[in-house]
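Just the heavy atoms: all of them, side chains too, but no hydrogens, waters or symmetry mates, feed the values below. Remember, predicted model here, so these are calculated numbers, not experimental data.
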Amino acid sequence: MATGALHASYGLTAGRKMEGPPLHTCEIQKPRAILSRVHMFFHAIAISALLYYRISNLLHGSVPFVSWMFITISEMIFTFIWVLTQAFRWLPVVRTVVRENLPRDEKLPGVDVFVCTADPTKEPVVEVMNTVLSAMALDYPAEKLAVYLSDDGGAAVTLYAIKEAYEFARSWIPFCRKYEIKTRCPEAYFSWLGDAERLLWSQEFKAEEQNIKSKYESFKRNVEKAAEVDASVRSDRPPYVEVIYDSKKNEGIEEKSKMPLLVYVSREKRPSYPHRFKAGALNSLLRVSGIMSNAPYVLVLDCDMYCNDPSSAKQAMCFHLDPKISSSLSYIQYPQIFYNVSKNDIYDGQARSAYKTKYQGMDGINGTVCAGTGYYLKKKALYGRPNNEDEFLDEPEKNFGLSSKFITSLKALKGENAKNLASCPFEENTKWGKEIGYSYECLLESTFTGYLLHCKGWKSVYLYPKRPCFLGCTTIDMKDALVQLMKWASGLVQVGFSKFSPLTYGTSRMSLLQSMCYGYFVFTHFFSVACLLYGIVPQLCFLFGIPLFPKVTDIWFAAFATVFVSSLLQHLYEVLSSGGSILTWWNEQRIWMIKSVTACLFGCLDVLMKWIGVAKASFRLTNKAIDQEKLEKYEKGKFDFQGAKMFMLPLSVLVLLNLGCFIGGVTGLISGRNIAEMFGQGALSLYILVLSVPIFEGLIPKMGK
């Protein structure tokens, strides 16, 4: 029934005639879906038996109440999150596109590209400009493409750099088009990532490439030198908008040399006005682009996520231009792929579980979560509902602000100064950030806005092409990985306890399965509480000889063993079926435990502190500058805990507690305790200790010092 509903929804039922040639295909991953449902059934039986044993003994048995109560709470949290997880496994799908069936270039709609940066000290300017250059070089008609850079730091070096990038682009873009280069990020092209494209070319190509490389190195030197002189940000500044290149100048220029509109935007920032972080920057870009290029679609990119496949825009149009789904389609999400993930991937930088399993699962039930970068969005989706896109145009000044030209541009989507649209007072007494544009309710602006779009009835699709359309740089040390996760955890947990909670607000506005998926993202961070309890209570009880699990000879022990082994095997199957290895599986097990009792825990505590007024909402910018020493450690598979003292505290306490209790518990068993009664706790403690080996390696040098 669900399968038929999916095909009917997307007009892909076998044998059904489509209007015109198909632009894309959608295939259900039947083996994965069937195996997941079978596993779901048997695992649910085992969990039910486990909880029955636990609760019945807690209420009616002669067991230590406090320790059993804590362990029961943790098992109920594990169960709750497991139930939510099953929504991802219900109907996973895989999509492909048929670009050959797209209309000719002159009939394609316009696309605006938004790139956001905030601090040149944490987001190297050369890296930001590489993202801009890769966007300018997309395989899309130049007159229908526009690139906007939002500089939330208002840094002089960023403005200088984008002008230098434009000068380099005049040589780089024609070169890429002439030789059909796919790797159009110059830094990537001149590295090992572009080696395959430089084979078996003519002497003419090699000479031209050497000339381009020389120009790139000159550009890079100039920008890096400027950054060394002054990379400061301005926290109190007026709005500034400058057109770096106007695409109207393309008239009379040969096709391969044409360039898209390029605009620099630094919105106003005043201490007396809320800044709204990235959501505010994106809303400013929506308004500024509305009176300049006014494209109906927008590609949003993080400043370190460059375009790796120039055809990504045309691939996205295979969905946006399909009349069977376009009326309710809000965005196409691509996966975040990282070029610097090591072979071991000790920090799970590739986020395999999200991009290779969960996102495909959500795609089968009306759309996946918005990841914040690498997505093509229909602008109209931010201004209304699928069947009522112009609902806010009845009172345009009240809703959108006092800009006649911008309001005219909205009506078009069906000599005003752009600076006014990027000013602080513009949004006062409007619905920007509330019902229009990107939401200000959550610091994870794109994820939360995507959630609200789904609540309004919009759908989305997930496309995972063979060649990554976007490549970025993942964190390579423990501190940055955990700080980033803590930011996500704090924002999502806050949503979970707000009026927008997916399990209350969401269930009445979207399908149950889709709201369960969003519920998972919001509440999964409470694994921290369950892991904390499971990392303390059984170990202390093992030390003092207090049994928490059935005897290993008891039939009820089978329920606990089945749940444990079944969970590990399900995870192993998902890893192997998505191209991973046993090493990937083990690393994911280990980093999941570490992240749960550190970043997720502190994310939950951060929400608590905000509620009681101890902390204020703040945007933690992830450091994207690469430290060579950290990179060497990461590539060798060695954990780097430097700078992560705050996170190491609970982790170190838990690991040392496990070690002490394990030694004490084993000593008690040797002294004559009942091995059958204590086997479960001993095995659990040993499993945690094996996972904790890298933590011991990190602690031993500190103890030596």
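- The backbone N or O of Leu193 sits less than 3.5 Å from a side-chain atom of Ser191, completing a donor-acceptor pair.
- Relative ring orientation between Phe448 and Tyr451 is described as tilted, the plane-to-plane angle lying within the 30° to 60° band.
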Original post:
When you look at Lys178 and Glu204, which way does the salt bridge (charged side-chain N to carboxylate O under 4.0 Å, His left out) test go after all the steps?
Top reply: CA-CA 12 Å; Lys178 179 179 179 180; Glu204 179 190 357; 3.3 Å; yes
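- Partner of Asp112 under the salt bridge (charged side-chain N to carboxylate O under 4.0 Å, His left out) criterion, out of Lys378, Lys379, Lys144, Arg287: Lys379 alone.
- Judged by distance alone, with hydrogens and angles left aside, the side-chain atoms of Asp302 form no donor-acceptor pair with the main-chain N or O of Asp304 at under 3.5 Å.
- Although no hydrogens or angles enter the test, the distance criterion places no donor-acceptor pair under 3.5 Å between the side chain of Ser214 and the main chain of Gln210.
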Tell me which donor-acceptor pairs under 3.5 Å the side chains of residues 252-266 have, and how far apart each pair is, sequence neighbours excluded?
unit_1	atom_1	unit_2	atom_2	d
Glu255	OE1	Lys258	NZ	3.3
Tyr264	OH	Asp151	OD2	2.7
Ser266	OG	Asp151	O	3.3
Ser266	OG	Arg237	NE	3.0

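- A side-chain N or O of Tyr355 and one of Gln336 form a donor-acceptor pair less than 3.5 Å apart.
- With salt bridges taken as basic N to acidic carboxylate O contacts below 4.0 Å, none links Lys248 and Glu251.
- Between Phe470 and Tyr376, the ring planes are tilted. Angles from 30° to 60° get that label.
- Put simply, the side chain of Thr183 never gets that close to the backbone of Tyr189: no donor and acceptor are under 3.5 Å apart.
- Under a 3.5 Å cut-off, the side chain of Thr449 and the backbone N or O of Tyr438 do not form any donor-acceptor pair.
- The two residues Tyr306 and Asn130 have their closest heavy-atom pair at CB-O, 4.4 Å.
- Within the 3.5 Å criterion, the main-chain N or O of Thr368 finds no donor-acceptor partner in the side chain of Gln333.
- The neighbour count for Arg170 CZ, taken as heavy atoms of other residues, nucleotides or ligands under 6.0 Å away, does not exceed 12.
- Arg234 places a side-chain N or O within donor-acceptor distance of the main-chain N or O of Gly154, the cut-off being under 3.5 Å.
- Judged purely by atom type and a 3.5 angstrom limit, Ser134 uses its side chain to pair as donor or acceptor with the backbone of Thr131.
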Original post:
Going through the distances and angles, do Asp105 and Lys314 end up as a salt bridge (charged side-chain N to carboxylate O under 4.0 Å, His left out)?
Top reply: CA-CA 10 Å; Asp105 282 3; Lys314 289 185 176 179; 3.2 Å; yes
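- Donor-acceptor pairing under 3.5 Å is lacking for the side chains of Tyr160 and Asp230.
- Between the side chain of Gln29 and the backbone N or O of Val94, no donor-acceptor pair lies under 3.5 Å.
- Between Phe190 and Tyr216, the angle of the ring planes stays under 30°, which puts this pair in the parallel group of the 30/60° scheme.
- A parallel orientation is assigned to the rings of Tyr347 and Tyr634, their planes being inclined by less than 30° (bins at 30° and 60°).
- Summarising the geometry, atom CG belonging to Asp345 is positioned 12.5 Å from atom CD1 belonging to Ile476; distances are rounded to the nearest 0.5 Å.
- Ring planes of Tyr148 and Phe114: perpendicular class, angle over 60° (limits at 30 and 60°).
- Contact check on Asp363 versus Arg95 returns a salt bridge, with a Lys/Arg side-chain nitrogen under 4.0 Å from an Asp/Glu carboxylate oxygen.
- Arg184 places a side-chain N or O within donor-acceptor distance of the main-chain N or O of Ala137, the cut-off being under 3.5 Å.
- Between Glu242 and Lys419 there is no salt bridge, since none of the side-chain N atoms of the basic residue sits less than 4.0 Å from a carboxylate O of the acidic one.
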**OP:** Take Tyr375 and Tyr334 through the ring pair (Phe, Tyr, Trp, His ring centres under 6.0 Å) test and state the conclusion after the steps.
**Re:** CA-CA 6 Å; Tyr375 62 94; Tyr334 288 89; over 10 Å; no
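- The only option from Lys278, Lys269, Arg276, Arg267 that meets the salt bridge (charged side-chain N to carboxylate O under 4.0 Å, His left out) definition with Asp152 turns out to be Arg267.
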